[in-house]
Protein chains: 2
Amino acid sequence: MFQPCQNGLVVTKAKRAQRRTDALSKERIIETAIEILDAEGESALTFRALAARLTTGSGAIYWHVANKDDLLAAAASDVIARVVTDVSDGTEPREAVRRIALGVYDAIEAHPWVGTQLSREPWQFAVLRIFEAVGRQLQALGVPEPAQFDCASALVNYVLGLAGHRAAAARLLAPDTDRTAFLTAAAARWAQLDPGQYPFMRQVAVQLPGHDDREQFLAGIDLILSGIGEKLR
Amino acid sequence: MFQPCQNGLVVTKAKRAQRRTDALSKERIIETAIEILDAEGESALTFRALAARLTTGSGAIYWHVANKDDLLAAAASDVIARVVTDVSDGTEPREAVRRIALGVYDAIEAHPWVGTQLSREPWQFAVLRIFEAVGRQLQALGVPEPAQFDCASALVNYVLGLAGHRAAAARLLAPDTDRTAFLTAAAARWAQLDPGQYPFMRQVAVQLPGHDDREQFLAGIDLILSGIGEKLR
DNA sequence: CTGCCGAATGGAACGCCGTTCCAGTCTAAG
DNA sequence: CTTAGACTGGAACGGCGTTCCATTCGGCAG
């Protein structure tokens with residue numbers, strides 16, 4: 001009695017597996033979307049381009065994905081999940097926070113569109129993942145419970161702020177432009193600001209070439225961690 | 001010899017002033033754009049809607065404004081300028097930083113679209129203004145010069161991160177929705193997360209109703225300021 | 001084996017967008 | 001008066017997200 005059934009199942013599975021290679025699925029759609037976003041940038045991701053690459057019609061995609069926001073949120077969550085989960089436990093909490101933050105930073109440097117997406121929807125899954133990872137380390141650090149929410153919020157919002165900023169910069173910078181040249185140009189523009197109105201920017205301008213974004217990012221994290229440390233006394 | 005010239009200028013000015021009442025100008029366009037953004041939200045600002053309200057064609061607007069990005073940047077810069085400049089000098093630097101930050105926060109609460117805009121373009125004028133205002137206070141606080149850039153960056157990026165977040169939340173929240181109801185709903189969603197994977201979010205969920213965003217924002221500023229204080233020892 | 005039903009597909013069509021184009025108007029200067 | 005050039009406004013273009021719908025196809029009831 002079960003033989004045909006099992007056979008049927010096997011055949012089904014085989015056929016599905018066979019079909020899978022070119023069948024649509026949410027995963028395959030997201031995967032392809034990430035490919036397009038990484039290779040050609042945010043503006044290149046359209047349902048038409050996606051459909052073309054998947055050799056289907058734009059309408060078919062809507063069977064698996066609610067809309068473009070849904071697609072982008074899922075893609076971002078995918079990328080962030082890879083980064084946040086592989087924080088090795090057992091490391092000292094402050095160091096773990098640094099690793100989480102740097103993981104997110106590097107992910108955005110590699111996929112700038114993620115930075116845009118993270119500050120697009122307020123409590124999307126990708127942000128929740130980061131919040132959870134950071135919060136858990138704060139618990140391990142011994143931050144009193146009422147302050148944990150505030151501290152996690154400070155860290156996460158700082159990360160998201162820089163994320164958006166880096167993403168915007170990447171959008172602006174043509175992929176072949178020289179970074180140093182760009183910084184020098186920005187510095188030159190700042191140096192021309194009205195000295196009376198913008199003394200600070202003019203002073204910063206001279207530091208701008210030879211400036212390392214990643215180091216500054218980490219310096220910010222350490223600054224906040226140091227502020228959190230004050231709460232522990 | 002100068003009389004006619006002056007006369008000419010006067011006549012011109014008078015005529016211009018006369019025409020101004022219904023003539024197009026960059027200022028009037030920006031002003032109207034802000035009205036639309038505030039009243040109907042980011043998605044309502046289109047060149048057609050703007051042209052209709054100005055009783056002109058969309059093409060005419062492009063004579064005064066390069067494109068939509070230019071328009072949005074100018075509008076945001078307008079709003080931020082009002083906030084950042086009226087920080088009364090003479091106040092203690094930390095308090096001044098708090099006031100600047102709260103000014104930006106309140107501006108975004110009142111005009112959520114500004115939050116979106118601030119994290120859209122990397123070194124736009126509005127951000128420069130904030131950076132300058134914050135940086136100057138850090139100088140007054142006695143932060144050593146090499147650290148000033150990092151400290152200002154930390155503060156500004158935190159503000160921008162929260163700005164984007166609040167803007168996204170405002171976009172999501174229908175203008176008539178109850179805030180408490182929304183928070184309760186979010187808390188309920190978080191409480192349903194997998195306890196093994198999201199212990200921190202579930203713990204935070206119970207604190208979520210009765211949570212004050214503005215207070216949390218200020219707590220984050222104080223956290224960073226406290227971290228900066230460490231540098232002064 | 002056959003007929004059927006619902007999941008899945010893909011391409012056409014809709015309405016709206018930012019932007020461009022251009023024929024026209026009005027005005028200050030020669 | 002003529003004319004150049006600042007300025008206007010509406011039509012048109014190409015592309016977008018999304019919807020609609022005729023069609024296909026695999027698994028199951030009879």
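Below, chain A is the first sequence line, B the second, and so on; all start at residue 1.
Between Leu118(B) and Ile108(B), the closest side-chain pair of non-hydrogen atoms falls below 4.5 Å.
Applying the salt bridge (Lys or Arg N to Asp or Glu O under 4.0 Å) test to Glu31(A) and every residue at least two apart in sequence or in another chain returns nothing. For the ring pair (Phe, Tyr, Trp, His ring centres under 6.0 Å) test, residues two or more places apart in sequence or in another chain that qualify with Tyr62(B) are Phe47(B). Judged as a salt bridge (Lys or Arg N to Asp or Glu O under 4.0 Å), and not counting sequence neighbours, Asp69(A) has no contacts. By the salt bridge (Lys or Arg N to Asp or Glu O under 4.0 Å) test, Glu121(A) pairs with no residue at all, sequence neighbours left out. With sequence neighbours excluded, the residues forming a ring pair (Phe, Tyr, Trp, His ring centres under 6.0 Å) with Trp123(A) are Phe131(A), His165(B), Trp190(B), listed by chain and number. Scored by the ring pair (Phe, Tyr, Trp, His ring centres under 6.0 Å) test, His64(B) finds no partners at all (sequence neighbours excluded).
Taking the screw axis at each terminus of the helix from dC1(C)-dG30(D) to dG30(C)-dC1(D) from five consecutive base pairs, the angle between the two is 20° to within rounding of 10 degrees.
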Which pairs, protein N/O on one side and nucleotides 5-7 of chain C N/O on the other, fall under 3.5 Å?
none

Every protein N/O lying under 3.5 Å from an N/O of nucleotides 18-20 of chain D:
residue : atom : partner  : partner atom : Å
dT18(D) : OP2  : Tyr62(A) : OH           : 3.0
dT18(D) : OP2  : Lys68(A) : N            : 2.9
dT18(D) : O5'  : Tyr62(A) : OH           : 3.3

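Dashed line: the shortest gap from a side-chain N or O of His64(B) to OP1 or OP2 of dT8(D) is under 4.0 Å.
Comparing Leu45(A) and Thr56(B), the nucleotide of DNA chain D nearest to each residue sits closer to the 5' end for Thr56(B).
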Side chains of residues 194-205 of chain B: which donor-acceptor partners sit under 3.5 Å, not counting sequence neighbours?
residue   : atom : partner   : partner atom : Å
Asp194(B) : OD1  : Gly196(B) : N            : 3.0
Arg202(B) : NH1  : Ala191(B) : O            : 2.5
Arg202(B) : NH1  : Leu193(B) : O            : 3.1
Gln203(B) : OE1  : Gln139(A) : NE2          : 2.6
Gln203(B) : NE2  : Gln148(A) : OE1          : 2.9

Hey, can you pull the donor-acceptor pairs under 3.5 Å for the side chains in residues 71-78 of chain B, sequence neighbours left out?
residue  : atom : partner   : partner atom : Å
Ser77(B) : OG   : Arg129(B) : NE           : 3.3
Ser77(B) : OG   : Arg129(B) : NH2          : 3.1

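Among pairs with a residue in residues 39-49 of chain A, those fulfilling salt bridge (Lys or Arg N to Asp or Glu O under 4.0 Å) read Glu40(A)-Arg53(A), Glu42(A)-Arg171(A), at least two apart in sequence or across chains.
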